[in-house]
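Structure, as structure tokens:
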Amino acid sequence: MAASEVVIGVIFLLQTMFGVLGNSCLLYHYLFLYFTGCRLRCTDLILKHLIVANLLTLLCKGVPQTIAAFGWQVSLGDVGCKLLFYLHRVGRGGSIGSTCFLSVFQAITISPRDSRWAGLKVKAPKYVGSLLCPIWVLYSLVNNIFLMYMTGNGDKENLTSLQDFGYCSSTYHDRPLLLLHVVLLSLPDALCVGLMLWTSSSMVSIPYRHKQQMRHIHGTHVSPGSSPESRATKTILLLVSTYVSFYTPSCIFQVWLSLIYNPNWLLVNTAAVVAGCFPALSPFLLRSSDCSACRFCFAWMRNGKPPDLRNV
């Protein structure tokens, strides 16, 4: 085994291991709070969907990619390959959809009462769960394309138009149809990224305008403070900026891989590493930016009952 293969294998192993561990711990944290009777914030429900999407992405892509990178034989068969790639793509879609929805929801939450979002500001928390379901349905339908093209590695000798991903392969026989599929797969993602950039700019401008108004009313000195909305906004902005930073090169790699036959080993593995960065890093960003778990424990020990985390 070449040294480069060992290095890539170790990167996949660490990324998958720490990503699954971080997301699992965060999911356990939210489930523990839910089953102990705590009333969680609306953003916590969105984050639970994001965590599930991250786990799908890491388990369905990271684990087989790690095994293949170390040179071990992986025999998944056609059904296994189709299922793994489909679940990975659905998880990836759930990740970008949940991040986008989180950004939009927070922009509505911190909007002024006299803004055009005033009506949605009251209604949005009631429909968070029902609005998350269409995201999963959309990406489940769009990614049905992969069920047609993915195949196991056992049929390599009989296929000419082949893209080998190490543990599975994909076949494309019609380039115009392939380009159409790439466009269709990219449209929902492009829409989500556009919404995230727009709402992120709103989340930056709204507090700035509010600070300017307060400075005009109270003079030059304004207490910075640290409200729950401000902390949540900073966390979501950090999450969105991290997602866009990793998504942009990942999208370029995905389009590149879709348009060439027999991509080389380095390109396939680099694209997989970049695609796994956000699912692996996001739980640690959330934990480092939000100390609700610590405040929850102290409040429970002090009062003898679980607190309402909507005010934490």
Side-chain angles (χ1 to χ4, degrees), residues 19 22-23 25-27 29-31 33-34 38-58 90-111 115 117 120-139 188-207 227-248 250-251 277-293 309-310 312:
N23 282 284
C25 290
L26 199 57
L27 182 61
H29 165 66
Y30 285 123
L31 291 176
L33 297 180
Y34 174 78
C38 291
R39 289 176 291 179
L40 301 177
R41 298 162 295 187
C42 293
T43 52
D44 292 332
L45 175 60
I46 305 173
L47 289 175
K48 283 192 284 186
H49 281 257
L50 175 61
I51 293 167
V52 171
N54 287 343
L55 285 172
L56 266 180
T57 304
L58 289 168
V90 171
R92 181 179 178 276
S95 180
I96 186 173
S98 299
T99 308
C100 176
F101 186 72
L102 185 65
S103 178
V104 172
F105 179 83
Q106 188 64 21
I108 294 173
T109 301
I110 67 172
S111 61
S115 70
W117 303 109
L120 289 175
K121 190 172 182 178
V122 178
K123 298 177 182 178
K126 302 177 183 178
Y127 302 105
V128 168
S130 56
L131 290 173
L132 283 166
C133 293
I135 295 174
W136 291 98
V137 173
L138 171 64
Y139 281 99
D189 293 356
L191 177 62
C192 287
V193 170
L195 281 173
M196 280 190 279
L197 294 175
W198 177 49
T199 53
S200 296
S201 63
S202 298
M203 284 189 282
V204 171
S205 62
I206 290 173
S227 65
E229 291 81 5
S230 176
R231 291 194 301 269
T233 300
K234 291 177 182 177
T235 301
I236 293 169
L237 283 173
L238 177 62
L239 198 67
V240 169
S241 60
T242 304
Y243 188 93
V244 174
S245 299
F246 285 117
Y247 172 80
T248 303
S250 176
C251 184
C277 285
F278 177 78
L281 290 176
S282 58
F284 300 100
L285 294 176
L286 291 169
R287 294 294 288 181
S288 63
S289 303
D290 186 2
C291 297
S292 62
L309 286 191
R310 294 177 296 180
V312 174

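- Taking each heavy atom of Trp198 and Ser201 in turn, the nearest pair found is O-OG, 2.5 Å.
- Applying the salt bridge (charged side-chain N to carboxylate O under 4.0 Å, His left out) test to every pair with at least one member in residues 91-102, sequence neighbours left out, gives these pairs: Arg92-Asp189.
- One finds the SG atom of Cys192 at 7.0 Å from the CD1 atom of Ile135 (value rounded to the nearest 0.5 Å).
- When side chains are defined from C-beta on, Phe278 counts as touching Leu239, because their heavy atoms get closer than 4.5 Å.
- The closest side-chain heavy-atom distance from Tyr30 to Ile51 is below 4.5 Å.
- Here Thr99 contributes atom OG1 and Leu195 contributes atom CG; the two are 12.5 Å apart, rounded to the nearest 0.5 Å.
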Fill in: Phe101 vs Thr199, side chain to side chain contact (heavy atoms under 4.5 Å, CB included): CA-CA, chis, key distance, verdict
CA-CA 10 Å; Phe101 186 72; Thr199 53; over 6 Å; no

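- Checking side-chain atoms of Ser98 against main-chain N and O of Ser95 turns up no donor-acceptor pair under 3.5 Å.
- Tyr243 pairs in a side chain to side chain contact (heavy atoms under 4.5 Å, CB included) with only one of the listed residues (Ile96, Leu281, Leu285), which is Ile96.
- From Leu47, atom CG reaches atom CG of Leu27 across 11.0 Å, with rounding to the nearest 0.5 Å.
- Closest of all the heavy-atom pairs between Gly94 and Ala53 is C-CB, 3.6 Å.
- Taking the six-membered ring where tryptophan is involved, the planes of His49 and Trp136 are tilted, since the angle between them lies from 30° to 60°.
- By the 4.5 Å heavy-atom criterion applied to side chains, Ser282 and Thr242 are not counted as neighbours.
- Of all heavy-atom pairs spanning Val244 and Thr248, the tightest one is O-OG1, 2.8 Å.
- Two residues are said to be in side-chain contact when any heavy atoms from C-beta on lie closer than 4.5 Å; Gln106 and Thr43 meet this criterion.
- Under the side-chain contact (heavy atoms from CB on, under 4.5 Å) criterion, Ser245 pairs with no residue at all, not counting sequence neighbours.
- The shortest non-hydrogen separation linking Thr57 to Gly91 is OG1-C, 3.3 Å.
- Nearest heavy-atom pair, Leu138 versus Pro188, reported as atom, atom and distance to 0.1 Å: CD2-CB, 4.3 Å.
- Taking CG from Leu286 and NE2 from His29, the interatomic distance works out to 10.0 Å, rounded to the nearest 0.5 Å.
- For the pair Leu33 and Asp44, the minimum side-chain heavy-atom distance is 4.5 Å or more.
- Nearest heavy-atom pair across Ala190 and Tyr247 is N-OH, 4.5 Å.
- Looking only at side-chain heavy atoms (C-beta outward), Ser103 and Ser200 come within less than 4.5 Å of each other.
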